[in-house]
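A short write-up of the structure that comes next.
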There are 2 protein chains.
Amino acid sequence: MLYAPHVDSTPRVKMEDVARTAGVSVATVSKVVNGRYGVAQSTLTRVQEVIDELGYEASLGARSLRSHKTNVLGILVAEFEPFSTELLKGASSAVGATGYELLAYSGGGGGSVGWERRYLSRLSGTLIDGAIIVTPTVVEANTGVPVVAVDPHTGPTGLPTVDSDNYAGAVLATEHLVGLGHRRIGFLGGRTDLESARLREAGFRHAMEVAGLPVDESLVGVGGYRRETADAPARVLLDRDDRPTAVFAANDLSAIQVMAVAVELGMSVPADLSVIGFDNVPESALASPPLTTINQPLQEMGAEALRLLVDLIDGKDRSTHLRLPTELVVRASCAPPRH
Amino acid sequence: MLYAPHVDSTPRVKMEDVARTAGVSVATVSKVVNGRYGVAQSTLTRVQEVIDELGYEASLGARSLRSHKTNVLGILVAEFEPFSTELLKGASSAVGATGYELLAYSGGGGGSVGWERRYLSRLSGTLIDGAIIVTPTVVEANTGVPVVAVDPHTGPTGLPTVDSDNYAGAVLATEHLVGLGHRRIGFLGGRTDLESARLREAGFRHAMEVAGLPVDESLVGVGGYRRETADAPARVLLDRDDRPTAVFAANDLSAIQVMAVAVELGMSVPADLSVIGFDNVPESALASPPLTTINQPLQEMGAEALRLLVDLIDGKDRSTHLRLPTELVVRASCAPPRH
DNA sequence: AACGTTATTGATAACGTTATCGAATCGTGA
DNA sequence: TCACGATTCGATAACGTTATCAATAACGTT
């Protein structure tokens, strides 16, 4: 393949250029750039002037290759979707105070299992001083650099972890429906391989038991966290005479699909069917009717993960498992059952 | 400062390790990794096996330092706020098809003028093959790598550019107010140094003229695009007897502040005052009342910028100035004026 | 059998930076 | 005047990778 035929007019000013212009060696320039001891005041100012004049900026790649200390933190995501970008915002707002810079990395959407190890290997050792990995599928503790996992698929393990309280959130959601007077409540679960899905179902069952309500197993489906995968089980749940008066879907996307199926079957939400979701993604506020759901404090989680990572790098000892609270967000998709 | 006292149990498997284990030279491993011609089928499979077994992954830093071709594209933002993360999502969704990977970079929130040149210098030449810079303040054409600017502050210049039609959007907003019957319309402009602000004001004035309405200059303020900076001018606009019946604020944040001030002064929106914004940031849908505004297709802009960048790198000739259409989003903050 | 071709491999030199350490310079006290 | 420590500076060797090119092996040709 041919390289692009661009004329690279400005071939990038490197340390050597600065050194030549200032009449010193590259070693001295390096010292100035990094504020090392052992350079005379006069040369320091002169070199500094040349740096400003030429607009020199150290190459991140070269620097990290040599020094293994880059002042850059990585946040590794499978792809930039709403969930991870919310975390990114949180991490970004927290990075300001730390003196680090933030680099977000995503592969070409492949999203295969084990992506986090590949990315990490690629960037660590060179390029980044530590990393936050978002919803990793495989968590191993033996990486070269400090790593914090956010919402790992397998639940907290050897790695420092930040997640939200899926269990308590599911209890909140169920209690909300029960509080409205619902007795016959359906549950549309998430991907069975995910810890979060397991916890949400457990929270649902626990709250039902506390309320003294039996769980009708024929009203428990697997929605798979996505609209396409939630469609069929939603129909099974709703297309029957003794259908539930309310459905708790394990995430917002499947809840939105439940509402769509309900309308398609001639019901109206929330008059004929109450629906509650989980996650509070931006779409949930725009759904019609706006979806009642459980909020995960994504931005806070991102910020906390970043603070945890920095403390880890600095060798500060602190709790390495953070679980942030979830909360009920009441909108318009739930109402008391008829009669 | 002391380095973190972690025991780096796994010191990172490098090419040399693979070479030793497979019984070949590093040069051969490099060829295998990069799919170069000139390695026997038998050695190829053997080396590949060792790579998989050891979990080797090339160091991005070292590779790019040497080869200047990384298959990584950068998207450079001052910080990760809603505007840039929307663009990021769009770029991310478009990168999948290209075979490139995406690296988003943000400095520590400093946000000084000229950040884009610093970041670019830092990453280009090493590390990335091309970059998208988001809302750059200074645009120079002479960078070492292909660069696409999104929504540059100074308007399209020498650099390939993607932006949205600020002028037409402002016309749409003004027409909407006029169509509702408003005659006395206030305008709260943006930052005067920004091209987008200039265009939005020009669109407003044009639409007013077309409608045959004179612009009362005392009803034109400068809101500065932020809530804090919009507060005082909003008060000036509304705290008078001959106040406007509608206000077009040049972005959503200042529109939201206008609504807040109106409520504080005892008015109700939209009964006593119609307010329209610009941008359609997520917050605008959640405001009360939900804000009528002009949508910029941010995700599309991100995706188009990425496609443009890839074409540029591949040397494909194509139009280098893309202007995407804006559209009116009607929510609940505008109504006909009283009487 | 001697030779030329082609396929395969590995030494070696970059890439731009930082860490180390020895050399040069300058004072200063004896 | 000499010796010695303190200060300032620069040569040089890494860091992990890829590009180049020479060396070698294997094979077919005359």
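So that the names make sense, note that chain A is the first sequence line, chain B the second, and so on, each numbered from 1.
A:Arg117 is linked by a side-chain contact (heavy atoms from CB on, under 4.5 Å) to A:Glu140, counting only residues two or more places apart in sequence or in another chain. Every residue was checked against the side chain to side chain donor-acceptor pair (under 3.5 Å) condition with A:Arg36, not counting sequence neighbours, and none meets it. For A:Arg66, the side chain to side chain donor-acceptor pair (under 3.5 Å) criterion is met by no residue, not counting sequence neighbours. By the salt bridge (Lys or Arg N to Asp or Glu O under 4.0 Å) test, B:Asp129 pairs with B:Lys69, sequence neighbours left out. Looking at residues two or more places apart in sequence or on another chain, you find a side chain to side chain donor-acceptor pair (under 3.5 Å) between A:Ser25 and A:Thr28. Residues satisfying the salt bridge (Lys or Arg N to Asp or Glu O under 4.0 Å) test with B:Asp311, not counting sequence neighbours, are B:Lys316, B:Arg318. For B:Ser196, the side chain to side chain donor-acceptor pair (under 3.5 Å) test picks out B:Tyr225, with sequence neighbours left out.
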Extract all donor-acceptor atom pairs below 3.5 Å that involve side chains of residues 16-24 of chain A and protein atoms in other chains or at least two apart in sequence.
from, atom 1, to, atom 2, distance (Å)
A:Asp17, OD1, A:Arg20, NH2, 3.0
A:Asp17, OD2, A:Lys14, N, 2.8
A:Thr21, OG1, A:Asp17, O, 2.8

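In this model, no donor atom of one side chain and acceptor atom of the other lie less than 3.5 Å apart for B:Ser84 and B:Glu79.
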Could you write out each protein N or O paired with an N or O of nucleotides 7-9 of chain C at a distance under 3.5 Å?
from, atom 1, to, atom 2, distance (Å)
C:dT9, OP1, B:Thr43, OG1, 3.4
C:dT9, OP2, B:Ala40, N, 3.0
C:dT9, OP2, B:Thr43, OG1, 2.9

Can you tabulate the close N/O pairs, meaning under 3.5 Å, that link protein atoms to atoms of nucleotides 14-17 of chain C?
from, atom 1, to, atom 2, distance (Å)
C:dA14, N3, B:Arg66, NH1, 2.5
C:dC15, O2, B:Arg66, N, 3.4
C:dG16, OP1, A:Lys14, NZ, 3.1
C:dG16, OP2, A:Lys14, NZ, 2.8
C:dG16, N2, A:Ala62, O, 3.4
C:dT17, OP1, A:Tyr56, OH, 2.7
C:dT17, OP1, A:Ser59, N, 3.4
C:dT17, OP2, A:Met15, N, 2.6

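Annotated stems with DNA chain D as a participant read C:1-30 with D:1-30, given as range with range, by first number; only runs of 3 or more Watson-Crick or G-U pairs under 3.5 Å qualify.
Of the side-chain N and O atoms in B:Arg36, one or more sit less than 4.0 angstrom from OP1 or OP2 of D:dA19.
Identified under the side-chain hydrogen bond (donor to acceptor under 3.5 Å, both in side chains) test for residues 40-56 of chain B, with sequence neighbours left out: none.
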